[in-house]
There are 4 protein chains.
Amino acid sequence: MENLAEKKKAILESTLALVKVNGFHGTPMSMVAKKAGVAAGTIYHYFESKDSLIFELYSYLKQQAIQVVRESQKPDATYQERFFALWFAFYTYYTSNPSVLCFFEQFVNSPYAEKAKSIPSELDELLHAFFEEGINSGQLRPVAPQILSMLAHGNAISLAKVYGIGKLNLATADLELVVQILWDGMSQKTSEINS
Amino acid sequence: MENLAEKKKAILESTLALVKVNGFHGTPMSMVAKKAGVAAGTIYHYFESKDSLIFELYSYLKQQAIQVVRESQKPDATYQERFFALWFAFYTYYTSNPSVLCFFEQFVNSPYAEKAKSIPSELDELLHAFFEEGINSGQLRPVAPQILSMLAHGNAISLAKVYGIGKLNLATADLELVVQILWDGMSQKTSEINS
Amino acid sequence: MENLAEKKKAILESTLALVKVNGFHGTPMSMVAKKAGVAAGTIYHYFESKDSLIFELYSYLKQQAIQVVRESQKPDATYQERFFALWFAFYTYYTSNPSVLCFFEQFVNSPYAEKAKSIPSELDELLHAFFEEGINSGQLRPVAPQILSMLAHGNAISLAKVYGIGKLNLATADLELVVQILWDGMSQKTSEINS
Amino acid sequence: MENLAEKKKAILESTLALVKVNGFHGTPMSMVAKKAGVAAGTIYHYFESKDSLIFELYSYLKQQAIQVVRESQKPDATYQERFFALWFAFYTYYTSNPSVLCFFEQFVNSPYAEKAKSIPSELDELLHAFFEEGINSGQLRPVAPQILSMLAHGNAISLAKVYGIGKLNLATADLELVVQILWDGMSQKTSEINS
DNA sequence: TATGAATGAGACTTCATTCAT
DNA sequence: AATGAATGAAGTCTCATTCAT
């Protein structure tokens with residue numbers, strides 16, 4: 001990621017920043033060019049079209065997210081610890097990079113997402129594997145991994161949005177509580193106690 | 001809502017359907033007009049501008065959602081029953097009306113949402129009150145109502161999306177399980193057991 | 001003019017008032033309708049089209065102007081007195097009815113005027129006759145009546161505009177002076193003295 | 001003015017020509033584009049909007065007019081000679097450039113003029129100074145310079161219009177006569193003789 | 001007569017994309 | 001590689017006019 005041409009990166013980052021404020025369609029290429037400090041035509045040396053730019057930005061950011069998730073995982077930690085680390089990795093990534101969260105949310109809810117579906121998502125596979133492991137090792141309830149993945153990820157996103165809105169000060173203690181809620185709900189142990 | 005002028009309703013419903021497929025900006029007014037069976041200019045008798053149309057559609061749908069939520073609540077049910085009913089009301093509404101879910105998700109993640117923020121949301125207030133009641137009556141953990149609301153609502157949306165993607169068949173049993181997970185996580189009882 | 005249908009007159013007057021503020025093309029028929037207190041369709045009972053409305057308004061006002069000019073002429077006054085009266089009639093009419101002046105100026109400088117040219121103008125004939133009389137009786141220099149007419153009328157309009165701009169307070173004395181200038185310039189007597 | 005981009009100038013000149021025939025609102029941007037030999041969008045590289053185009057054209061032409069007036073003034077001529085030169089400069093400019101006269105007349109009588117009022121007019125100042133000089137040197141009657149300016153300028157315009165209508169052949173002799181009339185009316189000498 | 005909802009052609013303007021330099 | 005002027009299709013919106021009531 002670091003060896004991207006300077007300008008290409010500038011274009012991607014400019015797009016990211018502008019989309020947060022203006023949305024996809026409120027962000028003309030000329031605006032991206034200006035912010036990136038390049039000419040409009042230059043963008044077309046690096047990207048085939050605007051759609052292509054959006055898609056590449058999506059991939060670029062998804063790789064970043066994967067990196068963040070990967071780095072959060074210590075091999076010698078317990079599963080629960082790794083779950084907590086995973087959740088906080090997402091939460092921290094999104095709150096530290098609100099424009100990324102904003103971009104993702106716009107992307108997945110746009111017609112773009114439909115076209116991107118075909119591309120196999122490394123991140124999805126990674127999460128799928130993580131939750132499958134939890135189920136197989138008897139630490140998570142036997143629910144489809146996709147569901148668990150969606151619940152956990154969706155939960156982190158929800159919280160990051162609450163934080164982003166700024167109406168609430170979310171202390172670390174609050175967050176711990178929320179993840180605990182989530183873990184309690186998903187873990188096999190609770191399930192057994194309640195039954 | 002039922003006494004809206006025929007044409008106005010047709011325009012709103014056409015917009016809803018088209019936005020799901022094409023997104024806001026992939027849906028020109030001419031397309032809305034055609035689908036609604038009116039002339040392009042006619043839309044401007046009912047709506048000041050395209051933005052105004054989007055906003056009114058948002059309000060219109062939010063009223064529908066409130067209606068659905070309200071109808072789900074039986075006064076003589078227990079709090080937990082009402083919580084389940086609430087969650088299923090959302091889930092059912094979104095899965096039965098995928099275009100509404102799609103519209104909401106596009107809306108809240110677009111620059112439109114910023115402008116709509118100032119408008120006090122009846123739905124938010126309703127949910128806030130519901131969760132506050134749960135906390136005050138000692139049935140829910142003492143977490144900020146906004147957070148609980150976001151978690152529960154976000155959770156229903158997440159599931160509805162999983163369903164919408166169609167990759168998974170979510171049996172009622174699966175759903176019950178998920179809501180149970182959610183409830184277990186949020187309820188005071190579980191909290192006590194675990195501590 | 002007084003026996004015009006109430007509504008027809010209301011439409012004409014509304015148009016006049018609105019054109020002053022917004023110009024021809026900033027004055028949609030719907031706006032005229034609203035100000036006149038009638039429905040948009042009603043205008044088309046009285047006028048064939050917008051152009052037709054403009055033309056009829058022009059005629060209507062021109063008749064008014066003729067009336068004003070006619071009434072200013074006392075048969076037993078001297079020619080110079082009648083000239084002064086004529087000039088003041090115009091000046092007073094325009095300053096008392098700034099929207100009329102504004103309308104005329106817009107009209108004669110618009111493509112409408114081209115089409116109206118064919119219509120013989122009673123006002124022009126009246127002025128032509130007046131100045132011809134002055135020349136024939138040896139009181140005015142032998143210049144083409146059209147020129148004299150244009151000079152005198154244009155002069156009154158110029159002054160009315162100065163007044164309308166409001167930057168200057170034109171006392172009656174000032175005006176007398178200006179007309180005197182005009183008369184001095186046009187009269188045969190001055191011509192002789194200077195030669 | 002000469003170093004304006006080729007295309008910008010073509011757009012301005014095309015607008016001028018078309019406005020004469022069709023008026024402001026009968027001249028769509030597409031028509032301007034066609035006549036100027038550029039694409040519609042190109043106009044918007046040079047002008048922010050149609051209004052902006054009209055305003056810039058107004059400024060552009062006013063600069064031309066100032067140039068013409070300036071060039072007519074020989075420092076070593078008498079005041080009367082300079083007055084005659086000034087008047088003829090206007091008259092000649094307007095009759096040689098009927099579309100400019102037409103544009104000015106449309107402009108000053110349109111709602112545009114209201115917005116342009118705030119801009120201090122170099123031409124007005126120039127004329128004001130010229131007439132003030134005449135008054136102070138005792139060669140013109142002591143009337144407000146604005147009035148004298150309006151009278152002289154309005155007079156030249158009136159004549160140019162008579163010429164433009166084409167009904168009359170105005171020989172140089174005729175014109176000399178008219179300016180003489182004007183000068184006689186405005187000059188102090190005549191004033192003294194008559195009193 | 002009067003209404004005003006409906007029409008749809010056409011205006012202004014934007015912007016993704018190209019291409020000569 | 002980079003530029004940015006130029007393009008023109010397409011979008012939003014206006015408004016003169018019609019017509020069923």
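What's counted below: heavy atoms across the whole structure, side chains too, no hydrogens, waters or symmetry copies. Chain naming here is simple, since letters A, B, ... match the order of the sequence lines and numbering starts at 1 in each. Here the structure is a predicted model, which means the values were calculated and not measured.
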Side chain of [X], backbone of [Y]: donor and acceptor closer than 3.5 Å?
| X | Y | value |
| --- | --- | --- |
| Gln106(D) | Val19(D) | yes |
| Lys50(B) | Phe24(B) | yes |
| Glu56(C) | Phe47(C) | no |

Roughly how many Å is it from [atom1] in [X] to [atom2] in [N], rounded to a whole number?
| X | N | atom1 | atom2 | answer |
| --- | --- | --- | --- | --- |
| Glu6(A) | dA2(F) | CD | P | 11 Å |
| Phe47(C) | dT1(E) | CZ | P | 13 Å |
| Leu53(A) | dA16(E) | CG | C1' | 12 Å |
| Lys34(C) | dT3(E) | NZ | P | 15 Å |
| Ile11(A) | dA16(E) | CD1 | C1' | 15 Å |
| Lys8(B) | dA6(E) | NZ | P | 12 Å |
| Ile43(D) | dG8(F) | CD1 | C1' | 12 Å |
| Met31(B) | dA10(F) | CE | P | 12 Å |

Run the numbers on Met31(D) and Asn22(D) for side chain to side chain contact (heavy atoms under 4.5 Å, CB included), then give the verdict. CA-CA 10 Å; Met31(D) 199 187 275; Asn22(D) 310 299; 3.6 Å; yes
Distance check: side-chain N/O of Tyr46(B) vs OP1/OP2 of dA5(E), anything under 4.0 Å? no
Report yes if at least one side-chain N or O of Lys7(B) is closer than 4.0 Å to OP1 or OP2 of dA5(E); otherwise report no. no
Show me the dot-bracket string of DNA chain F, counting Watson-Crick or G-U pairs under 3.5 Å, with | for pairs to another strand and [ ] for crossing ones. .||||||||||||||||||||
No-hydrogen, no-angle side-chain donor-acceptor test under 3.5 Å, Lys62(C) and Ser121(C): yes
Could you list all the salt bridge (charged side-chain N to carboxylate O under 4.0 Å, His left out) pairs where at least one residue sits in residues 10-30 of chain D, not counting sequence neighbours? none
Please evaluate residues Tyr112(D) and Tyr58(D) with respect to the criterion ring-ring contact (aromatic ring centres under 6.0 Å, His included), reporting the C-alpha separation (whole Å), side-chain torsions for both, the decisive distance (0.1 Å), and the verdict. CA-CA 10 Å; Tyr112(D) 286 125; Tyr58(D) 181 65; 9.6 Å; no
Interatomic distance, Leu57(A) atom CG to Leu53(A) atom CG [nearest 0.5 angstrom]: 6.5 Å
If I take atom CD from residue Glu122(A) and atom CD1 from residue Ile66(A), how far apart are they, to the nearest 0.5 angstrom? 4.0 Å
Which whole number of Å gives the distance between the P atom of dT21(F) and that of dT1(E)? 22 Å
Readout for nucleotides 15-21 of chain F: B = base within 4.0 Å of protein heavy atom, S = sugar-phosphate only, - = neither; 5' to 3' it is SSBB---
